[in-house]
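Data block below; observations after.
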Number of protein chains: 2
Amino acid sequence: MSKLASQVGTSTDTLRYYERIGLLPEPDRSPAGYRLYGDDAADRVRFIKRAQRFGLRLEEIGELLQIREQGLCPCGRTKRLLEERVAELSEEMAALQRLRDDIEQMLDEHLPGADGDGWQCGSSLIQIGRRPNTERGNHRECF
Amino acid sequence: MSKLASQVGTSTDTLRYYERIGLLPEPDRSPAGYRLYGDDAADRVRFIKRAQRFGLRLEEIGELLQIREQGLCPCGRTKRLLEERVAELSEEMAALQRLRDDIEQMLDEHLPGADGDGWQCGSSLIQIGRRPNTERGNHRECF
DNA sequence: CTACGGGTTGGAGTTAACTTCAAGGTCAAG
DNA sequence: CTTGACCTTGAAGTTAACTCCAACCCGTAG
């Protein structure tokens, strides 16, 4: 199980949680009761992760997975909503660009050429853009 | 207060929450104690929203705002983290594109030309990509 | 005047998405 | 046979980010 977890960059707990809420189908088991995943499982989890970054909630992602895999259509309205959401993507990406520009400007203006340490630290901890669980590289030791 | 809230698309509660946790400075008050915001407030909230879509936590956004407005540098490491995060942006946007392609493919394959209603609804509710608070257009009445 | 739609507060409640826990079973290495 | 790293379960706990509540004040319209 931790094999799949590390493949897709989550914890085993998260995988079991996804299974509980129905995002992952119950996998086959070994004689001892251990979960045995196929390759599709990794795909599925990666789809979930992508959809999360896209701003969808797990419940909504579950519906998408149903559509994707069974051709099950919740209703005509759903199609419209999906289309709207897809249409919003370019606006979304433009916003990302704007934020990146903001941040790059900050880097230029306020942190010119400071590549190492030795700065006055007025602020405690910062660790950018990683959900608290994400494992490797605990950059948190600002002090 | 609700004027600013509707300008930036949040609730007054959220604005007061941001103020409580230090993301928004305490604004001037009218004689009666009402909050009086300047235009910079809207800018600030919009920056917060963008940064949230970017995947940052409010605590981290607070640090960014400090850097942005006071040139205060938490430490050298922060610069590196910011740069890393900025560098991740293109990967992020590529992932978004991939997801959009997934969704568009689903639309093509499973929902061909169904523009209206009258479909069999096998699934309960879906409302794509909007945080529960976001107000206008309650498409939730799938049934 | 009262009604009504705003505003104010502190604190409590909610939601999504994990995360941890206790208590145990499995299994290859030493 | 024991140690240690894995796996199992249901249930309870945690965290971030709101969201709601009671109880009150302000200002205008009728």
Side-chain angles (χ1 to χ4, degrees), chain A residues 1-24 26-37 41 45 47-65 125-135 138 140, chain B residues 1-24 26-37 41 45 47-65 125-135 138 140:
Chain A
M1 174 157 208
S2 58
K3 185 160 162 282
L4 174 61
S6 66
Q7 264 179 41
V8 299
T10 40
S11 67
T12 57
D13 280 323
T14 299
L15 293 180
R16 294 202 307 103
Y17 172 68
Y18 286 171
E19 187 180 322
R20 256 216 309 277
I21 64 173
L23 277 194
L24 294 178
E26 301 208 355
D28 292 344
R29 300 297 184 112
S30 77
Y34 287 20
R35 288 172 179 78
L36 302 170
Y37 292 104
V45 178
F47 178 87
I48 294 170
K49 290 282 157 203
R50 259 180 287 151
Q52 267 189 309
R53 297 214 127 176
F54 188 51
L56 302 185
R57 297 203 298 293
L58 295 183
E59 186 189 350
E60 297 164 341
I61 294 170
E63 307 233 12
L64 286 190
L65 284 168
L125 58 121
I126 192 168
Q127 189 209 25
I128 300 297
R130 287 277 150 258
R131 302 296 179 201
N133 53 340
T134 312
E135 60 305 307
N138 61 332
R140 259 188 194 285
Chain B
M1 172 158 211
S2 57
K3 182 159 164 283
L4 173 62
S6 64
Q7 262 178 42
V8 299
T10 41
S11 67
T12 58
D13 276 325
T14 299
L15 293 180
R16 293 203 307 104
Y17 171 68
Y18 286 170
E19 188 180 321
R20 261 219 300 277
I21 65 173
L23 277 195
L24 293 178
E26 303 208 353
D28 293 343
R29 300 296 183 113
S30 75
Y34 288 21
R35 287 173 180 77
L36 302 169
Y37 291 105
V45 178
F47 179 88
I48 295 170
K49 291 281 155 203
R50 260 181 285 153
Q52 267 188 309
R53 300 212 127 177
F54 189 50
L56 302 185
R57 298 204 297 292
L58 294 184
E59 186 188 350
E60 298 164 340
I61 294 170
E63 306 234 12
L64 286 191
L65 284 168
L125 58 123
I126 193 169
Q127 188 209 28
I128 301 298
R130 287 276 149 257
R131 302 296 178 202
N133 55 340
T134 312
E135 60 307 307
N138 62 332
R140 258 187 194 284

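If you're wondering where the values come from, they're calculated on a predicted model, not measured in any experiment. All chains are named by letter (A, B, ...) in the order of the sequence lines, taking the proteins before the strands, and each is independently numbered beginning at 1.
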**Message:** Let's see if you can work this out: which of dA12(D), dC20(D), dA17(C) has an atom nearest to the side-chain heavy atoms of D13(B)?
**Reply:** dC20(D)
**Asked** At under 4.0 Å between heavy atoms, what does R29(B) touch on the DNA or RNA strands: base, sugar-phosphate, or nothing?
**Response** sugar-phosphate
**Message:** Nearest to the L58(B) side chain among dC27(C), dC18(C), dC18(D), which nucleotide is it?
**Reply:** dC18(D)
**Message:** So, taking the atom named CD1 in I21(B) and the one named CG in L58(B), what distance separates them when rounded to the nearest 0.5 Å?
**Reply:** 4.5 Å
**Proximity to the side chain of R35(B) - top-ranked nucleotide from dA17(C), dT8(D), dT8(C)** = dT8(C)
**Item:** Y34(B) side-chain proximity, nearest of dC18(D), dA17(C), dC26(D)
**Value:** dC26(D)
**Prompt:** If we only count heavy atoms from C-beta on, is the K49(A) to T10(A) side-chain gap below 4.5 Å?
**Reply:** yes
**Request:** Please determine if a side-chain N or O atom of S11(A) lies less than 4.0 Å away from the OP1 or OP2 oxygen of dC18(C).
**Result:** no
**Request:** Please determine if a side-chain N or O atom of Y18(A) lies less than 4.0 Å away from the OP1 or OP2 oxygen of dC18(C).
**Result:** yes
**Request:** Grab the CD-P distance between E19(B) and dG10(C) for me, whole Å please.
**Result:** 10 Å
**Asked** Does the side chain of M1(B) come within less than 4.5 Å of P27(B)'s, by heavy atoms?
**Response** no
**Asked** Do the side-chain N or O atoms of S2(B) get closer than 4.0 angstrom to the phosphate oxygens (OP1, OP2) of dG7(C)?
**Response** yes
**Prompt:** Among dA12(D), dA17(C), dC18(D), which nucleotide sits nearest the side chain of R20(A)?
**Reply:** dA12(D)
**Request:** Map S30(A) and G33(B) onto DNA chain C by nearest heavy atom, then report which one ends up closer to the 5' terminus.
**Result:** G33(B)
**Asked** Under a 4.5 Å cut-off applied to non-hydrogen side-chain atoms, are V45(A) and T14(A) in contact?
**Response** no
**Request:** Name the closest nucleotide to the R57(B) side chain, picking from dC18(D), dA16(D), dT19(C).
**Result:** dA16(D)
**Request:** Name the nucleic acid region contacted by R16(A), choosing base, sugar-phosphate or nothing; use a 4.0 angstrom heavy-atom cut-off, strictly under.
**Result:** base
**Prompt:** Can you check the I61(A) CD1 to dA16(C) P distance for me, whole Å?
**Reply:** 13 Å
